[in-house]
Structures are given as C-alpha cells and as structure tokens.
A.B. asks: 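I have a structure here, written as structure tokens, and I will follow up with some questions on it.
Sequence positions, counted from 1, serve as the residue numbers for this chain. Atoms within a ligand are numbered from 1 in the order they appear, just like the ligands themselves.
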Amino acid sequence: MAARFDIEKLSAKHDRSHFDCGSEPLNRYFTQQVTQDVRRRVAACFVAITSAGAVAGYYTLASASVPLVDLPPGTARTLPRYPSVPTVRMGRLAVDRQFKGQGLGAALLADALTRALSSDIAAFALIVDAKDGAAAAFYRHHGFIAFGDKPRALFLPLATAKPLLRA
Ligand SMILES: CC(C)(COP(=O)(O)OP(=O)(O)OC[C@H]1O[C@@H](n2cnc3c(N)ncnc32)[C@H](O)[C@@H]1OP(=O)(O)O)[C@@H](O)C(=O)NCCC(=O)NCCS
C-alpha cells in the first residue's frame with residue numbers, strides 16, 4: 001500500500017460523517033454507533049486517514065472465544081482440550097468507495113493482525129463473520145479458513161499470519 005494512509009485509533013478529531021463504503025449497515029455503524037461501542041469497551045476501532053485528514057477505511061477489534069468443537073478437526077487436534085480457545089474478532093472492516101482496490105483493505109487487515117499478534121493477551125486466531133460471499137472471498141484470498149459448514153464464518157490462526165506480515 002502507498003504510505004499515504006496513517007492507521008490510528010478512532011478519536012473525536014476524526015470526521016466520520018462522509019464515510020461511504022457502499023454498504024449501508026457498515027456506514028450506519030461507523031457514523032452512528034461505533035463511538036458508543038468504544039465507550040462501553042465492547043469494540044476498539046481503528047481508522048485509516050489520508051494526508052488531508054479524511055477517513056478512508058476502518059475496522060473494529062474485540063476479544064472473543066470459539067468453542068473447540070467449532071474448529072475443523074485438523075486444527076482442533078493441534079490445540080489443548082479446553083472447551084474454547086481465545087480469539088480476536090474483527091467485527092467490521094470497510095474501505096470508502098473512493099479508496100477501494102488500492103490495497104487499503106489488505107493494509108487494514110495486516111494492521112489488525114499486527115495488533116492481535118503484538119498483544120500481551122494471548123489469542124489463537126483472528127476471526128471474522130463475512131457479510132456476503134464477496135467479503136468471504138476477500139478473507140479467503142488472505143488465507144482465512146471457514147469454520148466447518150459456515151462459509152462466511154472464517155478464522156486465520158495468528159501463527160500462520162506471522163510469516164504473511166513479514167512478506
Ligand atoms: C472488502 C474490502 C474491505 C476490500 O478492500 P479493498 O481496499 O478494496 O481491497 P484491497 O485493494 O486491499 O485488496 C487486497 C487484495 O484482496 C483482493 N480482493 C479484494 N476484494 C476481493 C474479493 N471480494 N474477493 C477476493 N479477493 C479480493 C485484491 O484483488 C487484492 O489482491 P492482491 O493483493 O493479490 O492484489 C472493501 O471492498 C469493502 O470495504 N467492501 C465493503 C465492506 C465489506 O464487504 N467488508 C468486509 C467485511 S464484512
């Protein structure tokens with residue numbers, strides 16, 4: 001990605017009102033709800049900012065856990081037999097229409113993986129619920145694996161992500 005975006009924690013200085021990723025629920029969440037979720041500590045939000053200060057994209061992260069039985073057997077076998085494993089959920093990811101196809105979605109995903117990997121609190125994987133088939137294809141393109149029979153619920157083991165981030 002061109003170095004023309006800074007990725008930082010959402011704060012009051014960011015103008016969210018013009019954001020348009022083409023998905024009404026994702027626009028509405030960002031313009032109307034995200035600050036309440038941040039205040040209540042149920043989500044953290046990070047934004048990509050242009051040199052002119054406009055918000056070009058955002059994503060959210062929160063702690064989550066996944067029942068061991070939901071993981072594909074090949075993955076579950078590599079883990080201790082706890083009832084569930086800790087994960088980080090990327091609840092939302094969106095790029096403004098003006099900035100799509102320029103590597104920003106991938107850069108936001110890499111930033112989320114870096115934050116999850118550098119936390120002192122352990123997490124086995126980054127998990128997502130893709131909103132449609134195209135979003136699921138975006139995640140699969142980046143190495144995400146579907147949970148069993150739910151093609152839009154996907155995970156990426158963080159141990160797998162490490163080499164990707166160095167590339
Ligand atoms: C999905 C989304 C975040 C992608 O952002 P983007 O900035 O346009 O994507 P990028 O330019 O970073 O693409 C990076 C790579 O992913 C690939 N890619 C992008 N969209 C893809 C898709 N739908 N299916 C498969 N691959 C895709 C690109 O071809 C590119 O591949 P390359 O690195 O091998 O060249 C963006 O289209 C978006 O905001 N969509 C609406 C909201 C949405 O669907 N969010 C998903 C969360 S539910």
A.B. asks: At a 4.0 Å threshold, what atoms of ligand 1 neighbour a non-hydrogen atom of A106?
C.D. replies: 12 (O), 14 (C)
A.B. asks: Identify the closest protein heavy atom to atom 46 (C) of ligand 1: which residue and atom is it, and at what distance?
C.D. replies: L93 O, 3.5 Å
A.B. asks: Where on Y139 is there a heavy atom closer than 4.0 Å to ligand 1, on the side chain, on the backbone, on both, or on neither?
C.D. replies: side chain
A.B. asks: What protein heavy atom sits nearest atom 35 (O) of ligand 1, and how far off is it?
C.D. replies: H141 NE2, 4.8 Å
A.B. asks: Ring of Y29, cation from R92 - is the NZ or CZ under 6.0 Å from the centre and inside 45° of the axis?
C.D. replies: yes
A.B. asks: So is there a nitrogen or oxygen of G101 less than 3.5 Å from a nitrogen or oxygen in ligand 1?
C.D. replies: yes
A.B. asks: For ligand 1, is any non-hydrogen atom under 4.0 Å from L26's backbone (N, CA, C, O), its side chain (CB onward), both, or neither?
C.D. replies: side chain
A.B. asks: Are R115 and F46 in a cation-pi setup, meaning NZ or CZ lies under 6.0 angstrom from the ring centre and within 45 degrees of the ring axis?
C.D. replies: yes
A.B. asks: Do R89 and L61 come within less than 4.5 Å of each other through their side chains, counting heavy atoms only?
C.D. replies: no
A.B. asks: Quick check for you: to the nearest 0.5 Å, what is the distance between F124 atom CZ and L68 atom CG?
C.D. replies: 9.0 Å
A.B. asks: Name the closest protein heavy atom to atom 1 (C) of ligand 1, giving the residue it belongs to and the distance to 0.1 Å.
C.D. replies: F138 CG, 4.0 Å
A.B. asks: Out of the candidates V85, V66, L71, only one should pair with F155 under the side-chain contact (heavy atoms from CB on, under 4.5 Å) rule; please name it.
C.D. replies: L71
A.B. asks: Just heavy atoms, cut-off under 4.0 Å: does A137 contact ligand 1 by side chain, backbone, both, or neither?
C.D. replies: both
A.B. asks: What's the shortest heavy-atom distance between I7 and L108, and which atoms?
C.D. replies: CD1-CD2, 3.9 Å
A.B. asks: Which residue owns the protein heavy atom closest to atom 43 (C) of ligand 1, what's the atom, and how far is it?
C.D. replies: K131 CE, 3.5 Å
A.B. asks: For R140, which part has a heavy atom under 4.0 Å from ligand 1: side chain, backbone, both, or neither?
C.D. replies: neither
A.B. asks: Checking D96 now: which residues fulfil side chain to side chain contact (heavy atoms under 4.5 Å, CB included) with it, not counting sequence neighbours?
C.D. replies: F19, D20, Q98, F99
A.B. asks: In terms of residue, atom name and distance, what is the protein heavy atom nearest to atom 38 (C) of ligand 1?
C.D. replies: K100 CE, 3.5 Å
A.B. asks: Starting from atom 11 (O) of ligand 1, find the nearest protein heavy-atom neighbour and note its residue, name and distance.
C.D. replies: G103 N, 2.8 Å
A.B. asks: What protein heavy atom sits nearest atom 39 (O) of ligand 1, and how far away is it?
C.D. replies: V95 N, 2.8 Å
A.B. asks: Look at atom 15 (C) of ligand 1 and say which protein heavy atom is nearest, naming residue and atom and giving the distance to 0.1 Å.
C.D. replies: H142 CE1, 3.7 Å
A.B. asks: Going by the closest heavy atom to atom 22 (C) of ligand 1, which one wins out of A134, G133, G105, A135?
C.D. replies: A134
A.B. asks: What I want to know is whether A94 and ligand 1 share at least one N or O pair that is separated by under 3.5 angstrom.
C.D. replies: no
